[in-house]
Structure formats: structure tokens, C-alpha cells
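Reviewing the structure listed below.
Please read all numbers here as calculations on a predicted model, not as lab measurements.
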Amino acid sequence: MSSIKNTNIRLTLPVVCFVWQIAMIILFGVFIRYDEESDTHWVETKAHENITSDIENDFYFRYPSFQDVHVMIFVGFGFLMTFLKRYSFGAVGFNFLIASFGLQWALLMQGWFHSLDPHTGKIYIGVESLINADFCVAGCLIAYGAVLGKVSPVQLLVMTLFGITLFAVEEYIILNLLHARDAGGSMVIHTFGGYYGLAITWVLYRPNLHQSKRMQGSVYHSDAFAMIGTLFLWMFWPSFNSAITDHGDGQHRAAINTYLCLASTVLTTVAISSLSQKTGKLDMVHIQNSTLAGGVALGTAAEFMISPYGALIVGFFCGIISTMGYIFISPFLEKTLKIQDTCGIHNLHAMPGVIGGIVGAITAAAASESVYGKQGLINTFDFTGDFKDRSVLTQGGYQAAGMCVSIVFGVVGGAIVGSILKLPIWGDPADENCFDDEVYWEVREPATHHLLFTIQPLGGAIVFDLVSRDELQSTFERYI
Amino acid sequence: MSSIKNTNIRLTLPVVCFVWQIAMIILFGVFIRYDEESDTHWVETKAHENITSDIENDFYFRYPSFQDVHVMIFVGFGFLMTFLKRYSFGAVGFNFLIASFGLQWALLMQGWFHSLDPHTGKIYIGVESLINADFCVAGCLIAYGAVLGKVSPVQLLVMTLFGITLFAVEEYIILNLLHARDAGGSMVIHTFGGYYGLAITWVLYRPNLHQSKRMQGSVYHSDAFAMIGTLFLWMFWPSFNSAITDHGDGQHRAAINTYLCLASTVLTTVAISSLSQKTGKLDMVHIQNSTLAGGVALGTAAEFMISPYGALIVGFFCGIISTMGYIFISPFLEKTLKIQDTCGIHNLHAMPGVIGGIVGAITAAAASESVYGKQGLINTFDFTGDFKDRSVLTQGGYQAAGMCVSIVFGVVGGAIVGSILKLPIWGDPADENCFDDEVYWEVREPATHHLLFTIQPLGGAIVFDLVSRDELQSTFERYI
Amino acid sequence: MSSIKNTNIRLTLPVVCFVWQIAMIILFGVFIRYDEESDTHWVETKAHENITSDIENDFYFRYPSFQDVHVMIFVGFGFLMTFLKRYSFGAVGFNFLIASFGLQWALLMQGWFHSLDPHTGKIYIGVESLINADFCVAGCLIAYGAVLGKVSPVQLLVMTLFGITLFAVEEYIILNLLHARDAGGSMVIHTFGGYYGLAITWVLYRPNLHQSKRMQGSVYHSDAFAMIGTLFLWMFWPSFNSAITDHGDGQHRAAINTYLCLASTVLTTVAISSLSQKTGKLDMVHIQNSTLAGGVALGTAAEFMISPYGALIVGFFCGIISTMGYIFISPFLEKTLKIQDTCGIHNLHAMPGVIGGIVGAITAAAASESVYGKQGLINTFDFTGDFKDRSVLTQGGYQAAGMCVSIVFGVVGGAIVGSILKLPIWGDPADENCFDDEVYWEVREPATHHLLFTIQPLGGAIVFDLVSRDELQSTFERYI
């Protein structure tokens, strides 16, 4: 055994959970209030603004999409990471913990940056805030994918605290200062989250990770299980990319584009996966992950008039690039750049995110009144207020600038946070205990099964019963 | 073997299913009709009531929430109970059976009590009726959690018949006579369902249940599987608590409150779970169950102006109390009070339900016009008609009274129904066969695997193939 | 080994995927555009048509139902087929591939037949088009159920290409020429898809299929896993049958009817399943499949005023007939008619589909102004334009005619396509390798586990560790 590490988190984990939850309660008490559509005064707002029906409450525009996004965050991301043979608890359970903490902190951070009322000093939240909080959490869950199995839950919470903070700042710069559009978060969520995670795992490089190689793979059932995550992400991605776009045609178009793009991605993923094996067999890793790259890459442009065939083209190339990433780039990153990326987030989020940013910039720069209509162009790019005279070419430039901001925040932020996580106080596992749920979870049944048999010569063969350790014990107690 | 029990249900189960389904058809034929929003005459209703758009049909306000609730009932409750190593079929399958029967009976019972038209003698149903029927079924599914693995499907159907009946009566008393508010059913659903199940399992106490101890636990995969149930319950709980609240701000606010409360619960559940083990490891039982307690506890107050930080506080304490319940109270209940509660529904539903009732009473009593607005207060507490002069303090008192009604109905009803279920005619399993799917299901692959091997001395070790009984048989037939 | 087959698809699969995806891009570029509700010009449309609120965009009427249908297609159909012990990857993965290709081709085919604008030569798509594309794909996924485990992915893609094409034509004949109503597709989707698959598997009959008998069954975990598919299909079927019905009462009523019908089906399925075994045990195959038959059978009549008890009656008989189908008809079909129907689609789709068509015809013929109202009758059956003078009796006749069209298209189309698939160029598996994921997938862990043990005489028994082949290998490398 190369190292002895203390993975006891009985002090740190409860303390961190309690301190942060109490801090959340205090800060929510000071800052967070219902917005006018979720407050009992809505009846007065309606009268005042001549709203004739409750159905015009933003709840009915966005709640179905919110719930789809919610499923993606908790079931999608969580189960996608259960592919490892003995890390299902950590995958689903820590994902659950990160997201639950992260969404609270996100409501505060995004509130301070985007919607703090200067007069009352309060943040007013509604269903759109919940969606944005879930989005913000997605960035940290992406980063989790890079370090899956190699960090302690305390490290994950620290990573989330800083991740959400960085997210809110880069989002403010990209969406508010640069006035870039990024409804589905190709840049803000996926590029940032991807590079944030990659930089952290780069700093936390474990040269002896091969010592837990026995645990670092999938088995048949865990691969099938992970498809639950893949499919819920894939199916609900149209909701992800349309959840906060403009009411009406904005949401409608974003959903259609994403639906088409993802369908196209599946076909090219299958094609490349099949090409990569001698007999054309498919690799589950590609199907689980690369099929989703199209959703990432359409995050920025989903609400634009990219046109149905444009969406198909984006998906076409994303499937190819992402699958090739798993085949060629991931091994290169690990060997040469010392980046150990457990889930391959570089191929699923970082690269497709960058593609999405570029697609967004080009599509924006190519927008025209003839395609969008005069008012349509203004609505889509929000050319109002300070930005009413911005040209589409300028907009394209700002989109590209936003792209760079998200990469810089990811890489630099990740490197700094990685250094903090490197401190020997967080209870991370030893190199030979990575990817193993038994480190942080009470596991009733051990990874190895025990077998009890009595030799019954039966046609030259022997019949066994497969039993758990407990059953073995109790059998002994009964008979011996 | 301590007892020989006849678990043959080939007569009773089909007879009960057929008789009840035929009864349902007859009663539906006599009583149930479409309401005006689901009837083809809606086109006339629209004209008559000056409704300008089909989007104002209640369907569009409630159907997305209905589907979320539906998922909770069938996937959420069903999969949550699959944690046992060999009771997945019973968990998901009997849950499916109970719910499918229960919802039909609920439409009738709730219809008779709440919406029987005195002129026509008919019950008119729409999407809200479906949600209420699903809610009603939830009470019985909670009770199933207490007796999971120890009863026959026939007993479950009898338990459901009486459970739905009692539910409709207590609900009528609480919501209509006492005019208490309980949109998410902390009292009506969770407290009632919890105590109903606990009283039944108390009556059905099995002193020799330890004889099936080998089956009464989880294995790695079944624990991961149960997280499907946990997550779908957790994610959709905001829909549960907002499904039948007032249109507009009512639904909006209930969803926000529940979302926040549940996030907070996760953190304190993790903290207490980690504290409970020597090295700070987490226990899957807590993560699977206690993380949901916040949703239960906000069932009454979700639609009130409890404020975002108030929701966080409720979740904070519920996570602590529910997890402590699993650690300290469940063993006490089993040893001292002889209550064998398979799923720990006392910790997940009964206690948090009572907390929810209390929180609701306090929040109602503390409501004020300054916070709610004059009309908002009237809308939220439905201070109209006979109740237009009720004060918030009085309302708080009636809320507390409702709480008591639900407990009494649960305990007394459960004790009576338990006595009926104790009759030796229902085909329940023997003590040593509890928690085993093979009693009521054709199981193709036995719980113990059989192994075929030929000794191949290979570096001092032997290589085996794990095969099923069938494969073993066919191998013999081929070679011998 | 009876036959040597070349299952290398490294050339064919990538080529087919690339060629078809590129064809899709070109055809989409030529033909497909956003419709007016998903185009940025919607702001002008609104002004022009005096639409006051974005909430009247069709997106908000149909998107929640669309997402439910989407889940049925990818998770429902996919996981339902994971019941086989070693075909989870093929079940979920090929389902994913078929659906992703099929929906693109369906948008084109359905567009050309139903909504090609004669002036512009374009097809304008919106959320309803996406639902219809998913529906169209469902027909092919049903057919996949008949040939599950016995065909290559290339065959599946060819089957889908022709299946979608045939679907669009029969749909055009039934819905447009005959003007039959079939919102949930009892005829158009289920009857067609069922007979299409049965005819194909009949042509592809494998007399030596028993050679892979060891793989052709379920194990405990795969049966539990398949219930994910069952439940998501069951829960969201109300959305399936109401997704494209009329706004308002049409969608509302279709959801209620389907909800009730399915509940009823569960009870009679359980009853018959229990009756079929000596001791009344339940069979998972029935619960997984027959519980869904009610949804199929109400596909045509769901939007009609069939009345709540009518829906229960349909479900009552469907549960009985479908379960009996699994017990009696499937073995007969296999032995006598040489139809090897892996998933029993005859019992779940073909028969219930025909029942649905008949129920639809009878309900239509029995419709009356007294029940529907004058305008309600016109709306429900779309008695406008060329059909404004059609009587309900005539309508019933055309419904029945539609039924026959779907059967003919299924049987004849399937026989022809089956003959094409019989060509020895598609890389299908040998008889002894059917139902085995290892043929088309990289499987890290083999179907048989390998066991390492050292004999430790411990009270007369021996203790083993169950390890994978890789672990075995690495252990050897370490110790020997």
C-alpha cells in the first residue's frame, strides 16, 4: 500500500453541512423574497397590470421546463455517473448533495449579480430563478464528472462553493456586460464547467491512480444503469435550452432546434463508435456520452434562427468530434497533459461547449432582418436600451468574447480551487481506494461475494450457492 | 420451520380483482361523468362564461403537475421500496396494483364527499379529481411501506379499500368541516397514511420475523435502484405540494417553498447520517428516505407566505429529526412497542407529517394582512362564505384540530383494519418467508446462483462459470 | 456451431448512418422550415391575428405532453425491452438509434403527406410535428419488439426507413382520405406497427432459435429493470392519447379516459396472471406488458365521449385478452404459425390495437348530438369542409375501414420488408448468438463470471471471491 490517508469525515462533513446550511438560512432571511408573481399580492399586480388570467403567470410558461431541467440535474447527471462498477452511491448521492447545496448558494449569488433591487436591497425569486439556480449547479456537476471517484464529499462542497461563485461572476460578465446571448449555456455552463473541472483534476493529478484500476471501469449492469442518466439528459435537453428563452416563439424554436440537433448527434456517434472497433462493435461509453454533445453545442444558438437543417449540421459534427475525443483525445490528455478526466467531460462538455460558443457567434453575426424580421431581430438579441444600436456583427464579436471569458474563468478558477483542494485536510481517498463507495458509504454487501459450497458429486460437477458474507456467517452459526 | 402457511392466492386474488373492478364499472356508470371542462359541451361553456381561449381550461393549469404526481405515485413510491434485496417485484408490482385499484375507489369516495351534485346525483370529474385520487392513493402507499414484505396482495387490496374510505372521511372532516388548509397533505395524506400503516403493522406484529432476517436487508444494487424512487419523489415534490393550490401565485409559491425546503433537508440529513457512524460514512437508508422529509413537512404550509428562509428552516429540522428517527426511534419502536416498520414510514411520513401540521397551524395563526394583503389573505385561507369572518388565530386552531383528526383516524382505523387483516384467510407469508418475492411471483432465477465448474489447475487457482439453474441443467443434458 | 455468420458491421453501419444523416441534412435544407409559431415573425403573426398573449402559442398547449411522449419513446420502449438477461445494451441502445433516425425521416414523410405548402414547397414544423414524428417512430419501435435480439442494427435501420415510409402513407389514407379519427393511434400506430413487426419476424423465421435458448429469458434484475419502461409508458399514456387531440376539452377528456382505462387493465391483468399459475403466483411478463394494453385500446376512442365507465370497460377486457394472449396465443403463434415474437407485441400492440379500432368505430357510430352537443360533435369528429355532412354511422364505417387499411399495410409491408432483410448482407447474428449483447457491443464484463479461490478449510466450507476476468488476470500477475 503506497499511502495511508485519513478518510474520516465525521467531523468535517457534518460541520461544513451545518455551517453552510445555517449561513444559507441567515442570508435568505436577509435577502430573498418572493417575486410579484409568487406573492399573495399577485392579485393586486394582476389588477394593476390588466392581466386577465392567472395563466399568464410566468409559472405556466416555465414550470414544465423547470421540472425537466430539475430531472436532468438530479437524475440525468446523477445516473450518468453510475457507470463505474462500485461508485453508484457516490455518483448519485454526492451529485444530490452538491446540487442541493449549490442551488441555494446560486440563488443568492445570481440574485446579487442579476436581480438585487437597489431600493429594497432584496432579491425577488420566481420560477425563472429556480431554473437559473439549477443551471448554475449544472456547471459544478460537470466539474464533478472530471474528479468522480477521486475526491471526498467535503472537497466537492468546497468545489461547489467556489464554482457557483465563479459562475455567477462570469455569467454576469458574459450576459450583462458583454450582452452576449447564451440561453442554454454553451459558454456559461458547459465551457466554464468543463474547464473548471479539468483544471481541478489537473492540479489534483494522481500519478499512482493505476493502483485502483480494478475499480475504474464499468460492468454490464452499471453501464445499463447509466443509460437512465443519458436518456433523461437527452430527452429533456430541449427543455434545458428553451427553459429561459423568450416566451412564445423563443421557447418553441429552441426546443425544436435542440430536438433535431440531438437526433443527428446519435447517428454520427454510432457511426464513429462502430468505426473505432475492429468488428464494428459499439462502445457504451460513446453512446452514454457523445450522443449528448449536440445539446451542449446548441446551448447558445438554440433560440436563434439557425434553421432546422442548421441544427442537424451542428449535431452531425458534434457526434463525430465528441466520439473521436473519447477515442483519441482523452488518452492523450491523460498521458501527456496529466489530466485524469473520469467521465470524459472534455469530450462531452468542454469541447462541445466551445463549439457551441463559436456556432453562436457565427449565427449571431449572420443574422439579418430579412430572416428574423425587424422586431424579431430586436427580440432575439435583446437589442434594447444601451444595446439598441448594436449590429449583428458586433454581437457576433461579443459572443466570441464571452466564449473566451468562460474559458479563462474555468481554467484559472479551477487551477486556484484545485490548489485549495490539494491541502491534506479534506479526507480524500488514497490512490488505491479511488472509485470505491466503501470509503464514504456504509456498504452492506461487499464488492466481492462469498461462496459457500458443499461438494455434491453430481455428474462430475459441483453445485454452489452464492451467499453474502452475512448469510455465510449465519449458516456457520447454525450448523457448526 | 416454525409455521406452515398457505400462500396460495389463486382463488382469492383473482376474485377480489374481478369483483372490485366490476363494482367500479357499475358505480362509475351510475355516478361518474365528465366535468364541464372535459365535456364536449365546453365549447358552449366557453361562450357562456366569456372564456376567450382554450388555454384557460383547468387542464393547462394542472396537467403538468398531475403527471409529476403520477410519476411520484407509481415510480417514486414503487422504486423507493425496491431497496430490499429480493422484493423488487413486490415493491413495484404491488404498489402498481394498489394504486390502480385505489385511484378508482378514491374518485368515487372523494366524489361522494366533496363534489356530488345534489341535483343530478352525479360526480363530475376533471384533472383536479385525478390529482386528488392520486393523493388519496398516496396515503395507502405510505401504509404499504410499514408492512412491506409481510403481507399478501389480497391483504394489500383490503387495506387499500378501507384506507381510501377512511381517507375520504377524514379529508372531508379536515378540509370541509374544519375548513383547514392542507394542499400538500401533511395531515390528510402523510400523518394519516403514516399512522394507518403503523397501527396495522402493530396489530400484525410477527415475533418471529427474525427468521427471514437473511432477506431483510439491501444489497448494493438494490440500494442504488431505490435511489430512482427517492429522486423522482424529491424532484417532483414541488409539483405535489402545488398541484391543487390556487391558480397563479398559489401554485407558484408552493413550488418555490417546497424546492427550497427539500434542498435544506438534504444537507442536514447528510450531516446527521455522517455523524452517526464512527468514521463519518453515510448510510444509504438515510439518503433514500430522510432527504424527503422536508417535502412532507411543507405539505400544509407550502402555499402560505412562509417565506423562503422559513422553508429552509423547516427543511433544516426535518432532515435532522427524520435521520435521528432512523437511528434511534425505529429500533425503539420495534423493540419496545413491537412496531415492525419495514421502510421506516414513521420517520419519513408520520413524524414529518405531524411537524407539517404544526408548522401549518403556526404559520396560519401568524398570517397578517400586512404580509398577505387583504385579498391575498382571503384567497390563501379561503375566508369566504361561511368562513368569511374567521380570524387567522381561529384558523390556526382549526389547523391543529385537523392534525388531531388525522392522527385519530390513522391510529384507530389502522387498528381496526389490522384486526381484519389478521384473519387467517388472506394468504400472508410465514415468518421465514417474508421479504421474498418467490412467495407471490414466478421468479425465473432463484435467489441463490448455482455454479458449475471443472477443475482447471491454473497457477493454483480454479476458474468457474456462474450459471443459472436452467443453464446448469442444459449443460448436464448436453454433456452427460 | 450450426452456422457461421459474419456479424462485422464496421463498414455497413457507419456508411448507413452517414449516408442517411447527410441525406436528412440535405432534405431538411430543401424542405423544412419553422412554422409561424416557432419563427421570429410570430410577433407579427400575433399582431395580425389579434393574439393577446404568448401563452396561446401552441407550444404551451402541447409541449408538456410532447415531453411525456418523448419519455415513452426513449425510456418507455427502451427499458421495457431490457427484460432479457443480456440484451440491455441492444434494447436501450438500438431503440435510441432507431428513434433518432426515424424521427427525422418522419418529419419529412409526414410533412410531404400532411403539410407541404403547395405555394412555397416547404414543410413548416412546430411542436405538433415533433409529437407526430415521435408517434411515427413508435410504430417502428413496436415492430422492433418482435425481432428483438435477432437482427443487426443495420437491419433495424432499414426496417425503420421502410416502416416510417409505410406509416406516413397509411396514416395519410386513414386520417386524410378516409377522414377517420385516431388521435392516440390504435390503428395507425399500434395495429400497423404490430403487424409490421409480426410479418417481418415471420419472414425471418429461425428454426434453430432454440440454440440461443440460454440467453432468451429474463433474470431477476432485468425483470425489475424492465419495470422502469413499463411504468413510464403506463404513466404517460394519458399524454400519448391526448397529445394531439383538440385544445381544451379534447385533451382534457382523452387524458381522463386513458387514465381510467389503464387502471382497470392492471386489475384484470393481475387476476388472469394469478389464475394462470398453480399457486396463484404472478408472472412479471404479464405485469410488464399487459397492463399497458388499455392504453393501446383507447388510442382511437380516448377523445370521444366514451364516458368514464366506458373507459373502464375497455380496460377490463384488454387486461384479460392481452394476458391470455401471453398464456395461450403466443405459444400457438410460435409453434403453428412460425412467428417468433420476442416481446409479445401481438398481445400488447396488435390485438389491443385492433380492439381499439373496433371500439373507436362503435363509439363513433353511436355518437349523438344529445351527448356531444351540436358543435361538440362537429369538433370531435371534425365534420367540416368536405366532411360536413357525414353522419356518425358513416364515420363509424370509415373508422372500420381505417382499421383494415392499417392491418393490410402492416402485413403486406412487413412481408416485403422482411424479404429485403433476409438478404445475407446485413450482418445479423447466428442462431446460437441471438439475444446476446456481445455480438454488437463491446462488453467489458463477460456474461459468465469467473471465480478465484484458494481453499481455506473453514468449518468444512470454502470461501470464494467473485471476480471479473480482468481482476482474475491482474491477481495472477501480482501473485504468480
Side-chain angles (χ1 to χ4, degrees), chain A residues 55-56 60-61 64 68 214 217-221 223-224 227 231 234-236 239 247-249 251-253 255-256 259 263-264 266-268 270-271 274-275 277-284 287 291 305 308-309 312-313 316 372-373 375-377 379-380 448-454 476 480, chain C residues 8-10 13-14 17-18 20-21 24-25 28-29 32 34 37-44 53-55 57 59-60 63-64 67 70-71 74-75 78 82 88-89 92-93 96-97 100-101 103-104 125-127 130 221 440-445 459 461-468 471 474:
Chain A
I55 198 82
E56 303 206 27
Y60 302 103
F61 286 91
D68 293 348
R214 74 194 183 288
S218 62
V219 287
Y220 188 74
H221 286 101
D223 263 332
M227 282 302 289
L231 288 176
W234 194 92
M235 296 180 304
F236 288 160
S239 300
H247 288 177
D249 64 287
Q251 290 194 280
H252 203 150
R253 188 170 53 255
I256 294 172
Y259 170 91
S264 172
V266 174
L267 268 92
T268 51
V270 166
S274 177
L275 269 178
Q277 300 283 346
K278 256 183 269 178
T279 59
K281 290 188 185 187
L282 298 172
D283 189 327
M284 257 322 214
I287 309 302
T291 51
M305 293 286 284
Y309 78 93
L312 290 183
I313 291 172
F316 186 90
Y372 285 73
Q375 190 59 40
L377 197 67
N379 289 350
T380 305
T448 50
H449 300 263
H450 290 80
L451 290 157
L452 168 74
F453 74 106
T454 33
F476 283 151
I480 298 161
Chain C
N8 189 328
I9 48 172
R10 197 183 178 190
L13 184 59
C17 286
F18 275 126
W20 288 356
Q21 190 56 55
M24 290 301 107
I25 291 172
F28 269 61
I32 307 266
Y34 303 117
E37 297 188 277
S38 57
D39 192 287
T40 43
H41 291 87
W42 162 248
V43 61
E44 296 154 27
S53 166
D54 278 323
I55 198 81
N57 191 304
F59 183 78
Y60 302 103
Y63 189 71
Q67 273 296 0
H70 217 41
V71 171
F74 290 89
V75 162
T82 60
S88 298
F89 294 2
V92 171
F96 195 15
L97 175 62
S100 298
F101 166 65
L103 62 86
Q104 299 178 54
I125 62 169
V127 64
L130 308 191
H221 287 102
Y440 302 113
W441 297 87
E442 281 295 306
V443 177
R444 279 164 194 82
E445 165 220 29
I462 293 175
V463 178
F464 290 77
D465 281 338
L466 178 60
V467 296
S468 74
E471 289 174 275
S474 70

Legend entry - Evaluation steps, side chain to side chain contact (heavy atoms under 4.5 Å, CB included), between A/Met227 and C/Phe96: CA-CA 10 Å; A/Met227 282 302 289; C/Phe96 195 15; 4.1 Å; yes
Inset, instruction - Might you point out which heavy atoms bring C/Gly126 and A/Ile256 nearest each other, and give the distance in Å? - result: CA-CD1, 3.8 Å
Inset, instruction - Working to the nearest 0.5 Å, report the span between CD1 of C/Ile25 and CZ of A/Phe316. - result: 5.5 Å
Legend entry - A/Leu282 vs C/Leu97 side-chain heavy atoms within contact, under 4.5 Å: no
Legend entry - Contact winner vs chain C - A/Leu377, A/Val270, A/Leu275, heavy-atom pairs under 4.5 Å: A/Leu275
Legend entry - For chain A, the option from C/Ser38, C/Gly93, C/Ser53 that forms the most heavy-atom pairs under 4.5 Å: C/Ser38
Legend entry - Proximity breakdown for A/Gln277 and chain C, heavy-atom pairs closer than 4.5 Å: both
Inset, instruction - Locate the shortest heavy-atom distance separating C/Ser88 from A/Tyr220; write the atom from each residue and the value. - result: N-OH, 2.9 Å
Legend entry - Point-to-point distance, once rounded to the nearest 0.5 Å, from CD of C/Gln104 to CG of A/Leu267: 6.0 Å
Inset, instruction - Heavy-atom distances under 4.5 Å only: say whether C/Asn57 touches chain A with side chain, backbone, both or neither. - result: side chain
Legend entry - Best-contacting candidate, A/Pro64, A/Ala224, A/Ala255, against chain C by heavy atom pairs under 4.5 angstrom: A/Ala224
Legend entry - Value rounded to 0.5 Å, distance of CE in A/Met284 from CZ in C/Phe89: 4.5 Å
Inset, instruction - Check step by step if side chain to side chain contact (heavy atoms under 4.5 Å, CB included) holds for A/Val266 and C/Phe101. - result: CA-CA 8 Å; A/Val266 174; C/Phe101 166 65; over 6 Å; no
Legend entry - CD-CG distance between C/Gln67 and A/Asp68, expressed to the nearest 0.5 angstrom: 4.5 Å
Legend entry - Aromatic contact, A/Trp234 with C/His70 (centres under 6.0 Å): yes
Inset, instruction - Go through the atoms of A/Thr291 and report whether side chain, backbone, both or neither lie under 4.5 Å from a heavy atom of chain C. - result: side chain
Legend entry - Worked check of side chain to side chain contact (heavy atoms under 4.5 Å, CB included) between C/Tyr60 and A/Ile55: CA-CA 10 Å; C/Tyr60 302 103; A/Ile55 198 82; over 6 Å; no
Inset, instruction - Using non-hydrogen atoms and a 4.5 Å limit, figure out which bit of A/Thr380 sits close to chain C: side chain, backbone, both or neither. - result: side chain
Inset, instruction - Kindly give the heavy-atom pair with the smallest separation between C/Val43 and A/Gly376, and that separation in Å. - result: CG1-N, 4.3 Å
Inset, instruction - Can you see which heavy atom on C/Asn8 is nearest to which on A/Thr279, and at what distance? - result: OD1-O, 3.3 Å
Inset, instruction - List the atom of C/Trp42, the atom of A/Asp249, and the distance in Å for their closest heavy-atom pair. - result: CD1-OD1, 3.2 Å
Legend entry - Engaged part of C/Tyr440 at the chain A interface, taking heavy atoms whose separation is under 4.5 Å: backbone
Inset, instruction - Quick one: pull up OH in A/Tyr309 and CD1 in C/Ile32 and give me the separation to the nearest 0.5 Å. - result: 13.0 Å
Legend entry - chain C contacts, top residue of A/Ser274, A/Gly373, A/Gly217 (heavy-atom pairs, under 4.5 Å): A/Ser274
Legend entry - Portion of A/Tyr372 that has a non-hydrogen atom of chain C nearer than 4.5 angstrom: both
Inset, instruction - Look up atom CG in C/Leu103 and atom OG in A/Ser264, then write down how far apart they are to the nearest 0.5 Å. - result: 10.5 Å
Inset, instruction - Run the numbers on C/Thr40 and A/Asn379 for side chain to side chain contact (heavy atoms under 4.5 Å, CB included), then give the verdict. - result: CA-CA 8 Å; C/Thr40 43; A/Asn379 289 350; over 6 Å; no
Legend entry - Closest heavy-atom pair and its distance - C/Phe18, A/Thr268: CE2-CG2, 3.9 Å
